[in-house]
Trainee: 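Below you will find the structure I want to go over with you.
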Amino acid sequence: MLKKLLSKLTGKASSQNSVFLIASINEKIMPIDRGAVYEDPLTEYLQARNLGEVTGGGTMQHENGEIEFCDLEIQLKAAPEKTTIHQIITELERLGAPKGSTLLIESTGEKIAFGKNEGIAIYLDGVNLPENVYRECDSNVVFSELKKLTGDASQAERYWQGPTETALYFYGSSFEEMKSKSHGFMSQYPLCQNARVVQVA
């Protein structure tokens, strides 16, 4: 599904001298936030240097609906030099791209790994806790507190509501540090009982 979407976008935007890159961002981010965090700032960066623009993107989901990663389609005006590729990667990392991201140069098939941030996912148990816990506790409180504790400074709110779990995602320089700083609150707040902690980048 994602490949079809990107193919259509390429078909609309392609020209004889254009070169396309596909940046796969290893981040569980909603489409609207993807635009605000990555697409718009990167387009501004590219246009300011007369290099090109972001012409589209997509979101890949697991079968259960949880976001796996997102793609950005980048159209360049000319074949990229190594310095151009380095500039784009550096800008994406500045914008927060996590480890496990890749940049594909479509014309050559070359794929370059990049990313600096690490990611932590907290999966809250939505079915097995006592009923009074769900009545008296609030996942928004968990999200706000963990966002502070992990030092996630992004304006984006990254989460997923599944059939049996609610996932909250945070990104920063170190998974282990975010996990350690979250432990005290999670061990005390009832809604965090049975929570799964997973490294996602």
Side-chain angles (χ1 to χ4, degrees), residues 2 6 9-10 13 18-60 67-108 110-122 143-144 146-160 167-182 198-201:
L2 179 63
L6 292 174
L9 290 169
T10 300
S18 295
V19 175
F20 287 91
L21 312 177
I22 302 296
S24 295
I25 310 295
N26 182 33
E27 184 171 337
K28 299 179 184 296
I29 189 169
M30 300 286 191
I32 292 178
D33 287 327
R34 181 192 72 221
V37 173
Y38 291 107
E39 292 179 24
D40 296 342
L42 185 59
T43 286
E44 289 180 14
Y45 178 89
L46 293 170
Q47 290 182 341
R49 290 156 181 78
N50 199 34
L51 294 174
E53 62 183 335
V54 177
T55 54
T59 300
M60 178 65 79
I67 291 174
E68 185 175 0
F69 64 89
C70 67
D71 275 358
L72 306 178
E73 180 187 72
I74 303 165
Q75 181 182 10
L76 299 181
K77 295 182 177 180
E81 299 178 357
K82 287 185 178 180
T83 53
T84 303
I85 296 298
H86 177 73
Q87 286 177 320
I88 292 171
I89 286 175
T90 299
E91 179 63 9
L92 285 170
E93 290 178 336
R94 187 190 70 79
L95 294 172
K99 293 177 179 177
S101 301
T102 60
L103 185 69
L104 171 67
I105 304 173
E106 284 200 331
S107 59
T108 64
E110 182 182 5
K111 187 178 286 189
I112 304 165
F114 69 95
K116 289 187 175 181
N117 276 343
E118 297 186 350
I120 184 171
I122 311 295
F143 182 86
S144 297
L146 292 182
K147 195 167 179 67
K148 292 182 212 171
L149 291 170
T150 58
D152 186 331
S154 172
Q155 297 300 310
E157 295 186 353
R158 300 171 178 85
Y159 64 90
W160 168 70
L168 310 175
Y169 312 110
F170 308 94
Y171 293 84
S173 60
S174 169
F175 165 78
E176 290 297 337
E177 284 185 12
M178 291 188 288
K179 180 180 178 181
S180 176
K181 290 178 179 178
S182 303
V198 179
Q199 183 168 3
V200 290

Trainee: What's the spacing between Leu21 CG and Ser107 OG if we round to 0.5 Å?
Mentor: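 One gets 8.0 Å once the value is rounded to the nearest 0.5 Å.
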
Trainee: If you measure from CG on Asp152 to OH on Tyr169, what distance do you get to the nearest 0.5 Å?
Mentor: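 OH of Tyr169 is found 13.5 Å from CG of Asp152.
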
Trainee: Do NZ/NE/NH1/NH2 and the carboxylate oxygens of Glu91 and Arg94 come within less than 4.0 Å?
Mentor: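 A salt bridge links Glu91 with Arg94.
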
Trainee: Hey, what do you get for OG (Ser18) to CD1 (Ile74), rounding to the nearest 0.5 Å?
Mentor: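 Reported to 0.5 Å precision, the distance equals 13.0 Å.
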
Trainee: Thr43 side chain to Glu39 main-chain N or O, any donor-acceptor pair under 3.5 Å?
Mentor: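 The answer is yes, because a donor-acceptor pair under 3.5 Å joins these two groups.
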
Trainee: Looking at residues at least two apart in the chain, or sitting in another chain, which of them share a side chain to side chain donor-acceptor pair (under 3.5 Å) with Lys148?
Mentor: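 In terms of side chain to side chain donor-acceptor pair (under 3.5 Å), with neighbours along the sequence ignored, Lys148 is linked to no residue.
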
Trainee: Side chain to side chain contact (heavy atoms under 4.5 Å, CB included) for Ile89 and Ile112? Distances and angles first, verdict last.
Mentor: CA-CA 9 Å; Ile89 286 175; Ile112 304 165; 3.8 Å; yes

Trainee: If you measure from CZ on Phe114 to OG on Ser101, what distance do you get to the nearest 0.5 Å?
Mentor: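 Here the rounded value is 4.5 Å.
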
Trainee: Measuring only between side-chain heavy atoms, which start at C-beta, is Ile25 closer than 4.5 Å to Ile29?
Mentor: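 No, too far: nothing below the 4.5 Å cut-off.
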
Trainee: Return the minimal non-hydrogen interatomic distance between Asn26 and Pro98, and the atom names on each side.
Mentor: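 Minimum heavy-atom contact is O-CG, 3.3 Å.
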
Trainee: Go through it in stages, so that I can follow the logic: the residues are Lys99 and Asn117, the test is side chain to side chain contact (heavy atoms under 4.5 Å, CB included), and I'd like the CA-CA distance, side-chain angles, deciding distance and then a yes or no.
Mentor: CA-CA 6 Å; Lys99 293 177 179 177; Asn117 276 343; over 6 Å; no

Trainee: How far apart are the closest heavy atoms of Leu92 and Ala23, and which atoms are they?
Mentor: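 Smallest interatomic distance, heavy atoms only, reads CD1-CB, 4.0 Å.
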
Trainee: Applying the side chain to side chain contact (heavy atoms under 4.5 Å, CB included) test to Val200, which of Lys28, Arg158, Glu68 qualifies?
Mentor: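 Between Val200 and the candidates, side chain to side chain contact (heavy atoms under 4.5 Å, CB included) is satisfied uniquely by Lys28.
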
Trainee: With Phe175, which residues qualify under ring-ring contact (aromatic ring centres under 6.0 Å, His included), at least two apart?
Mentor: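 In terms of ring-ring contact (aromatic ring centres under 6.0 Å, His included), with neighbours along the sequence ignored, Phe175 is linked to no residue.
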
Trainee: Return the minimal non-hydrogen interatomic distance between Gln75 and Thr55, and the atom names on each side.
Mentor: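 Of all heavy-atom pairs spanning Gln75 and Thr55, the closest is OE1-CG2, 3.2 Å.
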
Trainee: Is any side-chain heavy atom of Leu103 closer than 4.5 Å to a side-chain heavy atom of Ile85?
Mentor: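 Of all side-chain heavy-atom pairs linking Ile85 with Leu103, at least one is under 4.5 Å.
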
Trainee: Please determine whether the number of non-hydrogen atoms from other residues, nucleotides or ligands lying under 6.0 Å from atom NZ of Lys147 exceeds 12.
Mentor: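 More than 12 heavy atoms, drawn from other residues, nucleotides or ligands, come within 6.0 Å of this atom.
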
Trainee: Compare every heavy atom of Thr150 with every heavy atom of Ser182, then report the nearest pair and how far apart it is.
Mentor: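 Shortest heavy-atom separation between Ser182 and Thr150 comes out as OG-CG2, 3.5 Å.
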
Trainee: Contact between Ile88 and Leu76 at the side-chain level, heavy atoms closer than 4.5 Å - yes or no?
Mentor: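 They are in contact (side-chain heavy atoms under 4.5 Å apart), so the answer is yes.
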
Trainee: Using ring pair (Phe, Tyr, Trp, His ring centres under 6.0 Å) as the criterion, point out the one residue from Tyr159, Trp160, Phe170 that pairs with Phe143.
Mentor: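 Among Tyr159, Trp160, Phe170, the one meeting ring pair (Phe, Tyr, Trp, His ring centres under 6.0 Å) with Phe143 is Phe170.
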
Trainee: First locate atom SG of Cys70, then atom OH of Tyr38, and finally report the distance between them rounded to the nearest 0.5 Å.
Mentor: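 Going from SG on Cys70 over to OH on Tyr38, the span is 7.0 Å.
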
Trainee: With a 4.5 Å heavy-atom cut-off, do Glu110 and Leu104 have their side chains touching?
Mentor: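 The answer is no, as the side chains (C-beta and beyond) never meet within the 4.5 Å cut-off.
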
Trainee: Please tell me if the side chains of Met30 and Ile67 come closer than 4.5 Å, counting only heavy atoms from C-beta onward.
Mentor: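 Yes. Closest side-chain heavy atoms under 4.5 Å.
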
Trainee: Please say which of Met178, Gln199, Lys181 ends up in a side chain to side chain contact (heavy atoms under 4.5 Å, CB included) with Ile120.
Mentor: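 So the option named by the test is Met178.
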
Trainee: Specify the closest pair of heavy atoms between Leu46 and Gly52, including all atoms of both residues, with the distance to one decimal.
Mentor: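 That would be CB-O, 3.3 Å.
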
Trainee: Going by heavy atoms in the side chains, are Leu51 and Lys77 under 4.5 Å from each other?
Mentor: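 Not in contact.
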
Trainee: Quick one: do Arg34 and Glu27 make a salt bridge, cutoff under 4.0 Å?
Mentor: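 Between Glu27 and Arg34 there is no salt bridge, as every charged N stays at least 4.0 Å from the carboxylate O atoms.
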
Trainee: Do you know which two heavy atoms are closest between Val19 and Pro80, and how far apart they sit?
Mentor: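 Here Val19 and Pro80 meet closest at CG1-CD, 3.7 Å.
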
Trainee: Could you give the distance from NZ (Lys179) to CD1 (Ile122), rounded to the nearest 0.5 Å?
Mentor: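 Between atom NZ of Lys179 and atom CD1 of Ile122 there are 9.0 Å.
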
Trainee: Taking Glu93 for the side chain and Gly115 for the main chain, is one N or O donor matched with an acceptor at less than 3.5 Å?
Mentor: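 Looks like yes, one N/O pair under 3.5 Å.
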
Trainee: Using a 4.5 Å cut-off on heavy atoms from C-beta on, say whether the side chain of Tyr171 contacts that of Glu118.
Mentor: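 Heavy-atom side-chain distance check fails, nothing below 4.5 Å.
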
